[in-house]
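Just so you know, ligand 1 is whichever comes first in the structure, and atom 1 is the first atom listed for that ligand.
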Amino acid sequence: MDIAKIAQELEHTGYIVLAKPLVDKLLADLFVRCHDDDPARFHAAEVGRGVAKKRIGAIRSDVINWLDAGNSTDQAFLVCMEELRLGLNAALYLGLFDYECHYAIYGEGDGYAKHSDVLQGKKNRVLTTVLYLNEDWQASDGGELVVFEATGKSVIATVNPTFGTMIIFLSESFPHEVLLSHNTRRSIAGWFRVSGS
Ligand code: OGA
Ligand code: MN
C-alpha cells in the first residue's frame, strides 16, 4: 500500500479509492473466507450498539463475520491494516488505536440505507475502510457504495464493489449508502478507532 499517498488524500479530501492495494494471493484467500457456507460463522448484521442494538432488515440486510486473528488469512489482512494504522499515525498524528473489521455478504435485494459510521454518542470510529471481493461485477449488479458530503445532500463518489478495490474515508465526514445489490456482494468493512470507549 502506498501509505504516503493515502495519507495525502485523507488530509486533502478525506477519502481515497484504491484500485488494488493488496496482492492477488491475499485477495483470493479473503474471497474464499468471505463465504457463509459454515452457518456458525456469519450472522445477521445489527444496527446500533449495546442495548440499542437491533436487527432492522429495512436499514441493513447483510450477514457479517468478524475477522479472527487466529485464522491465517484473516491475520494476513490484519497485518496489512496494522501497517496502514502505524503509517497513518506517523503521517497524520491520528492516534488510531485499533482496527475492527468484518466480512459482509449482501444477497440479492440487500442494501444498507444512508448512515454514518460514527455510532451515536461515540467518537471512537475515525477511519472507515471497505475492501470489495467481487469478480466480474457488472453495472446491472447494482450494490454501489454512494458517498455523500458531510451534510448528506450531494453525492461525492459512487464506488463499484469490484474485486480488490478499497475505499478509505474519514468516518465522521461522509454519510454513505449501499444501493440494493442484485447479486451476491462480498466485502470487508473495517474501522480504525481511537481509544475512549
Ligand atoms: C458499513 C458500510 C459499505 C459497503 O458496513 O458500514 O457502510 O460498501 N459498508 O459495503
Ligand atoms: Mn457504513
message: Using the Mn ion (ligand 2) as the vertex, how large is the angle between NE2 of His115 and OD1 of Asp117, rounded to 10 degrees?
response: 90°
- prompt: Closest non-hydrogen protein atom to atom 5 (O) of ligand 1, residue and atom name please, with distance?
  reply: Ala189 CB, 3.7 Å
message: Does the residue Arg185 have a heavy-atom contact with ligand 1, meaning some pair of atoms that are separated by less than 4.0 Å?
response: yes
task: Could you tell me whether Ile167 approaches ligand 1 through its side chain, its backbone, both or neither, with non-hydrogen atoms closer than 4.0 Å?
output: neither
message: Using a 6.0 Å distance limit plus a 45 degree cone around the ring axis, check whether Arg85 lies over the aromatic ring of Phe192.
response: no
- prompt: What is the ring orientation for Phe31 with His35, classed by angle as parallel under 30°, tilted 30 to 60°, or perpendicular over 60°?
  reply: perpendicular
Heavy-atom donor-acceptor pair, Thr73 side chain to Leu30 backbone, under 3.5 Å: no
query: Does the separation of the ring centres of Trp137 and His182 fall below 6.0 angstrom?
result: no
query: Does the N or O separation between Tyr112 and ligand 1 drop below 3.5 Å for any pair?
result: no
- prompt: Would a distance-only check, ignoring hydrogens and angles, find a side-chain to backbone donor-acceptor pair under 3.5 Å from Arg41 to Arg33?
  reply: yes
- prompt: To the nearest 0.1 Å, how far is atom 3 (C) of ligand 1 from its closest protein heavy atom, and which atom is that?
  reply: Val178 CG2, 3.5 Å
message: Classify the ring geometry of Trp66 against Trp191: parallel below 30°, tilted from 30° to 60°, perpendicular beyond 60°.
response: tilted
task: Give a yes/no on ligand 1: does Trp191 have at least one heavy atom closer than 4.0 angstrom to it?
output: yes
statement: To the Mn ion (ligand 2), the closest N, O or S atom belonging to His176 is NE2
- request: State yes or no: do Ile64 and Phe77 share one hydrophobic cluster built from I, L, V, M, F, W and Y residues joined by side-chain heavy-atom distances below 4.5 Å, directly or via other members?
  value: no
field: ligand 1 to His176 polar contact by distance, N or O atoms, under 3.5 Å
entry: yes
- prompt: Under 4.0 Å from any heavy atom of Tyr132, which atoms of ligand 1 are there?
  reply: 4 (C), 8 (O)
